[in-house]
Structure formats: C-alpha cells, structure tokens
**Student:** 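After the structure tokens below, expect a handful of questions from me.
First the proteins, then the strands, lettered A, B, ... as listed; each starts at 1.
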Protein chains: 2
Amino acid sequence: MIEDGLWRRVDVAHLAVLRELAEHGSVTAVARATALSPSAVSQQLKVLQRRLGVVLVERAGRGVRLTDAGRALAGIAASVSTALATAEADWQRYRGGVGGTVRLATFHSAGELLVPGLLDRMAQHPGVVLETVDEDVLQDDFAGLTADYDVVVAHRSDDVVPPRRDGLEVRLLLREPLDVALPLDHPLAGRDRVTPADVIDEDWIAPPPEFPIDRVLTALAAQAGRPVRVVRRTTHLPLTEKLVARGHGIALLPRHTTRDRAEGRLALVPLADLRAGRVVEALMRPDRAARRSVQVVLEALVAEAASYA
Amino acid sequence: MIEDGLWRRVDVAHLAVLRELAEHGSVTAVARATALSPSAVSQQLKVLQRRLGVVLVERAGRGVRLTDAGRALAGIAASVSTALATAEADWQRYRGGVGGTVRLATFHSAGELLVPGLLDRMAQHPGVVLETVDEDVLQDDFAGLTADYDVVVAHRSDDVVPPRRDGLEVRLLLREPLDVALPLDHPLAGRDRVTPADVIDEDWIAPPPEFPIDRVLTALAAQAGRPVRVVRRTTHLPLTEKLVARGHGIALLPRHTTRDRAEGRLALVPLADLRAGRVVEALMRPDRAARRSVQVVLEALVAEAASYA
DNA sequence: TCGATCATGAAGCGACGCTACATGGTCGAT
DNA sequence: ATCGACCATGTAGCGTCGCTTCATGATCGA
C-alpha cells in the first residue's frame, strides 16, 4: 500500500542535488559545484530519502555510491531539470530579453581560434555574461566536464567511434582535416598533396600516444609499411608549429586552427590516401542546452566556427 | 539588462498557484481548491511577481484578472506541472506500486452505467482511492470541471463540433446511439427501425432545449417537415423512462445507458435516416492525466465502457 | 444603502534549510 | 602498522519563508 502524497513533499531542489551527485560522484564535489556546504548536501539527500521512504545513497569506502533506485531517480531528476530549464527559456522568449551567465570550456587551440570572434558576436547580447575557461583533457573526459560547464567544446578524431556521451546534446562545430605541416623551405612544401610514403621517413613531432592526432600517425605508418620516427612529443600546438617552422621536424596539424595562427610561417599540405581529421563539437547537458542564454552562445559559436569552414 | 538568477528563486509551487488562478478565475476559488487561505494565495502571487519583476495579476472589480504576462506564465506553469506529474509517474512505475486518490466526476446516467463496474475493476489496485462525484452540467461546462476533478466523464452530441477543450486530454469512452423509446404495447414497438415520419406526431418527452438530446429532436422535426410536440421536459432519465413505459409519451434515449437500466420495461427502436447519437468521453488536464493512479483509473474506465459497446 | 463577497495587508508562529563545527570512518604514504 | 588527509554525517543555532488569523478596503447585488 502506497501512502498518498509522498511525492508532493518532494522538492525539486532535492532532486537537482541527487542529479548532481549522480554526475559528480561525491558529496563534496556537489557542494563545490552548488556553492553549498557538504553538510547541506548530505542533509538534502537524507531528507529526500526519508520523504520517499527509499534508500538512494549508500556509503562506499570513503565516499558514497548511488543505489539502483538512486540512479533511477537521478535520471528522472534530469528530465525535471530539463523541463524547468525549458520553462525558463519559454519565459525569457516571451519577455524578449536574454540574460544570465554562461560558462564555456574550450581546449586550448579551439579557444584561440573561436573565442575572440565569439566575444565579438556576443556583444549583441549585453545581458549574457560569458565565462570561458581552458580545459585540456583527454578525448574521453570531455563529457565529464559538462557537469561543471554549460558548454564544452570538445574534439575527437573522426575515424573512430565517438566516445560515450549518453544523454548529452551534441552540436557539430568544425570538421577539421589534419594536414602535414612543413617548413617553408622543405622540398615538399610546394606540393598540393603528399602521400604517406612521401613523409614517412621524416622526423616527426607528435603529441603523447593517448591523443587523437597520434592515432592518425599510427594509421599513416601502417599505410606506408614502416614505423614513424617521432623525435619529440608535445601537446602544445604553438610549440609544435615553431619547431616545424625552424626545421626540427614535421607534424600533423589541424588545418584551420593552424592556418589562423601560423599562416605564412609554415606550409600546410593535405594528406592523400588517408582520411585524417578531427571533429570539434559542443557538448551540453540537456537542461543547460535548454537555457535561452546558452542557446544564444551556442548559435554564435556555430556561426563563428562556420566562418572557418 | 536582465539580472542573473531571477528564475532560480521561482518556486514551482508559486507557478502552480498561478496556473490554478488561470483556471479557477479567483483567488478564493484557488484557495478552496488548494486547501489554503485566500491570503496565502494572494501572498504567493505577490512574491512571484516581485521575484520576476513583472505584473501578473490586476484587480478587476471585486476579483482579479490575469495580465497578458500572467496568462503566458500560467501556460508555462501548466507544462511544468505536467513534467512534474510525468516524473512522479515514472517514479511510481519504477517502484511498481500505484497509489493516490483520484477524483472522478460523472453525469448521472454515466455514473449509474459505469461506476459499479469501475469499482469492481479497481479492486485490483487497493492503493488507489477513487472518489466519484455526480456533476450534471451543460455540455460546454464539462471542461471547466477539470479544474476540480482528475477525470471528468462528459457527454456531447456527435453531430456538432465539439465544444472548446483546449489543452485537455480527451479519451473516447462510448459512442452511444440515441434510440426511440416506446411503451411495450406501442404499435411501433416491434419494428426494427423507425423513420422520423413514423414518430413525428407522437407526444414527446425531452430535456430542456440546451441539452444535446433536444438538438437531435430539432433535427428530427426538420427532416419530417413538421414541428415536434413536446409535452414534458425533464433532464432526469429514469423519470423519462417511467413515463414512456406507462404510455405518457415517447422519447429519445441513449441506447446502452437505458438498456442497462430499463431492459424489458420499454422498447428501444433505432432511428433510421438520422445520425443521432451522443459521445461519452473522459476529459483530463494533462498534468493529471500523467499521474499513474489516474492512468490506472482511466484504463479501467475505458475497459468498462468497452463492455457496453 | 446595506450586506455579502472578494482581495489584500499586518502580526505572529512554526517549519525548513543553511552554516559552522565536531565526529567517525577510510585510504594512502611513510 | 601509524599517521595524516579526506570524505560524509550528525548537532546546534540561526535566519528565512510561508502559513494562519484577523482586520481593512473595495465592489456588486438586492
């Protein structure tokens, strides 16, 4: 027998906390993200469980873990958040104005490429405050950033299956081929394309093996039939460009990002016989994507990215 | 410039009150419906307006009226209520049990026909408490009852455009032809159908002119070319049946409802050359329709009605 | 014009949720 | 194995919020 009105006393704020817990994984992390004390978060969870008469959270070692019921309710809470955000967006649409703070995470090269133009475009919406933060993480970790940021600009190589991003809104920003970067005085610099065989015996500068670009390099080696010789590994693209320009090696670099920054100081030559590129996209939680201010930022971001295609 | 976080402080309870105001039309009525004092309702509205910085309600004579903004927000509030009810239903589905109180309004004859069997069927769901109330109103007023009841069983004649019921969920229960009810010893009682011309010169018993059945009588008169002679007007169907059975006149009566009650005491003969019938349907507000307990009741109601088709 | 009806304001009270601080449990490093 | 760092939770105290009760003002119908 189920008592009537149990759910009536459930507060949407409590549901939101549960949902954040599902994404952040610890009470302390939720407290940080919500500007509350850990005790407050813990109390909210306790109240929620008492009102529903169900165990949602259990201790696991030093931290906590959601029970099955907790996970289920967290999923429901996510849809509630989305509905609430949609309602707010409808209201803002009715009122005409757009306002609020949007937190945007970019990896370095995308920030360099897109943020200046994005800020120019956002000048049309003085009510929207845009906070941009650089976060360079591995390909699979971008999704996790959506717990902390409204919009996450992520990249992945386009030859593999996309990493898991269940329940996230995804918007394509840029499809960016990887070109071979050569010093201007290199024999191949004038070519309109090069094959893997042309470049396999050069000295290469590449990122660490976990990064998408390096996987392309692996594919290139496979196609040429010989291993590639990597003389230096760095994740810092501007450094890579400078090294290439001075003849310390050649590299695979994203076309638009690089051209925007280093045009004229090195040559970018398309790679033949190998599909090599990376995809830049925006990731958002649905409730955040529903916010009017986020939508405005996203549209500006898409427009800015399109100007490089 | 829009300040950040205005909506954050908006309480869904406040939105719900605004929505109820849009449907009930007065602060006092909302207070009655929500078991709150009128002052509390008034204060909630005041707080909501202060937090949003918008006038939602204005005085109109002795009562209040919603502004345009108020109406817009009330519409948004309705979708929020629906989302919340859907979330609760999802949760109940996950937990397995069904519980809660469902308030059902029926007009008299439908109640007589459907409620006993409905209660039998609901015995399978002991957690659901069913309150049934008789409400006989005019055709166009059924929609208004959805503010006070979870499920409203309504009827309308099927030859006219349905009355306005914007934003309501509608579920067909019964399509019920109108037959000509005759005393058992009437000359036409043995016929398998009668035409308007056959019965136009009889003495008729009918409801008041605003009721759907009387409109059919008007159509019958138009087809026969002569006015119909109404000797008595009553909205009470059992009385009509008794009068017909004793030879005080004939009447148009809904087939299933009447047969269920008066089988063997009068004859029901289908009417030829005239599409005459009434439709019985269930009306619900979307947020109430989303509730798990309401869904259970509705399914039982549909099944019970189907047993009469 | 009077009484009924409706909305709103003021005062007081209770519930709720937060912070600050203390406690107990768990893991990693030495 | 021990210590220290970290994490979650319980307790005490306090401020805020929303409700009820009562009073007031406005409007409509008889």
**Student:** Please report, rounded to the nearest Å, how far the P atom of dA26(D) is from the CZ atom of R65(B).
**Tutor:**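 Distance check: R65(B) CZ to dA26(D) P gives 18 Å.
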**Student:** If you look at every heavy atom in H24(B) and A29(B), which pair is closest and at what distance?
**Tutor:**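 Distance-wise, the nearest heavy atoms are CB-CB, 3.7 Å.
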**Student:** Could you check V80(B) against L84(A) for side chain to side chain contact (heavy atoms under 4.5 Å, CB included), going step by step and ending with a plain yes or no?
**Tutor:** CA-CA 7 Å; V80(B) 170; L84(A) 248 34; 3.7 Å; yes
**Student:** Whole Å only: how far is the CG atom of L48(A) from the C1' atom of dC16(C)?
**Tutor:**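 Rounding to the nearest Å, CG of L48(A) and C1' of dC16(C) are 15 Å apart.
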**Student:** What's the CD-C1' distance between E58(B) and dA26(D), to the nearest Å?
**Tutor:**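 For the pair E58(B) CD and dA26(D) C1', the rounded distance is 16 Å.
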**Student:** Sequence neighbours excluded, which residues qualify as side-chain contact (heavy atoms from CB on, under 4.5 Å) partners of V133(B)?
**Tutor:**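 For V133(B), the residues satisfying side-chain contact (heavy atoms from CB on, under 4.5 Å) (neighbours in sequence not counted) are E135(B), Y149(B).
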**Student:** Heavy atoms from C-beta onward define the side chain here; which of dG17(C), dG18(D), dC19(D) lies closest to that of L36(B)?
**Tutor:**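 Within the option list, the nearest is dC19(D).
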**Student:** Would you indicate, yes or no, if dC19(D) has its OP1 or OP2 atom less than 4.0 angstrom from a side-chain nitrogen or oxygen of Q44(B)?
**Tutor:**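 It does, given that an N or O in the side chain of Q44(B) lies less than 4.0 Å from OP1 or OP2 of dC19(D).
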**Student:** Classify the side chain of S39(A) versus the base of dA20(C) as yes if they form a donor-acceptor pair under 3.5 Å and no if they do not.
**Tutor:**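 Counting by modelled atom types and ignoring angles, a donor-acceptor contact under 3.5 Å is found here.
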**Student:** Whole-Å distance between dA7(C) C1' and R32(B) CZ?
**Tutor:**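 Result: 14 Å.
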**Student:** Pick the closest DNA chain C nucleotide for R59(B) and for G61(A) by heavy atoms, then say which residue is nearer the 5' end.
**Tutor:**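 The 5'-side residue here is R59(B).
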**Student:** Between R51(B) and dG18(D), is there a side-chain N or O to OP1/OP2 distance below 4.0 Å?
**Tutor:**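 R51(B) to dG18(D) OP1/OP2: side-chain N or O found under 4.0 Å.
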**Student:** V47(A) side chain: which of dG17(C), dT8(C), dT20(D) is closest?
**Tutor:**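 That would be dG17(C).
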**Student:** Tell me which of A35(A) and A60(A) sits closer to the 5' end of DNA chain C, going by the nucleotide each one is nearest to.
**Tutor:**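 Residue closer to the 5' terminus by nearest nucleotide: A35(A).
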**Student:** My understanding is that only one of V12(A), L45(A), V27(A) makes a side chain to side chain contact (heavy atoms under 4.5 Å, CB included) with V17(A); could you say which?
**Tutor:**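 That would be L45(A).
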**Student:** Any side-chain N or O of K46(A) below 4.0 angstrom from OP1/OP2 of dG10(D)?
**Tutor:**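 So the side-chain polar atoms of K46(A) do come within 4.0 Å of the phosphate oxygens OP1 or OP2 of dG10(D), strictly under.
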**Student:** Could you check how far CZ of R50(A) sits from C1' of dG17(C), rounded to whole Å?
**Tutor:**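 For the pair R50(A) CZ and dG17(C) C1', the rounded distance is 12 Å.
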**Student:** Can you check whether S37(B) has a side-chain N or O nearer than 4.0 Å to OP1 or OP2 of dT20(D)?
**Tutor:**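 Looking at the OP1 and OP2 atoms of dT20(D), one of them is under 4.0 Å from a side-chain N or O of S37(B).
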**Student:** In whole Å, I'd like the distance from the NE2 atom of H24(B) to the P atom of dT5(C).
**Tutor:**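 Rounding to the nearest Å, NE2 of H24(B) and P of dT5(C) are 19 Å apart.
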**Student:** Starting at CG of L45(A) and ending at C1' of dA8(D), how long is that distance when rounded to a whole Å?
**Tutor:**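 Taking CG of L45(A) and C1' of dA8(D), I get 11 Å after rounding.
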**Student:** Just N and O in the side chain of Q43(B): are any of them under 4.0 Å from OP1 or OP2 of dT20(D)?
**Tutor:**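 No, no such contact exists.
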**Student:** Closest to the D11(A) side chain: dT8(C), dG17(C), dG18(D)?
**Tutor:**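 My answer, after comparing the listed nucleotides, is dG17(C).
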**Student:** Is the phosphate of dA8(D), meaning OP1 or OP2, less than 4.0 Å from a side-chain N or O of T28(A)?
**Tutor:**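 So the side chain of T28(A) is within the cut-off, an N or O lying under 4.0 Å from OP1 or OP2 of dA8(D).
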**Student:** Could you please name the option among dT9(D), dT20(D), dG25(C) that lies closest to any side-chain atom of R62(A)?
**Tutor:**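 The answer is dG25(C), which lies nearest to the side chain.
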**Student:** Hey, could you give me the OG/CZ distance between S81(B) and R285(B), rounded to the nearest 0.5 Å?
**Tutor:**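 S81(B) atom OG to R285(B) atom CZ measures 7.0 Å (nearest 0.5 Å).
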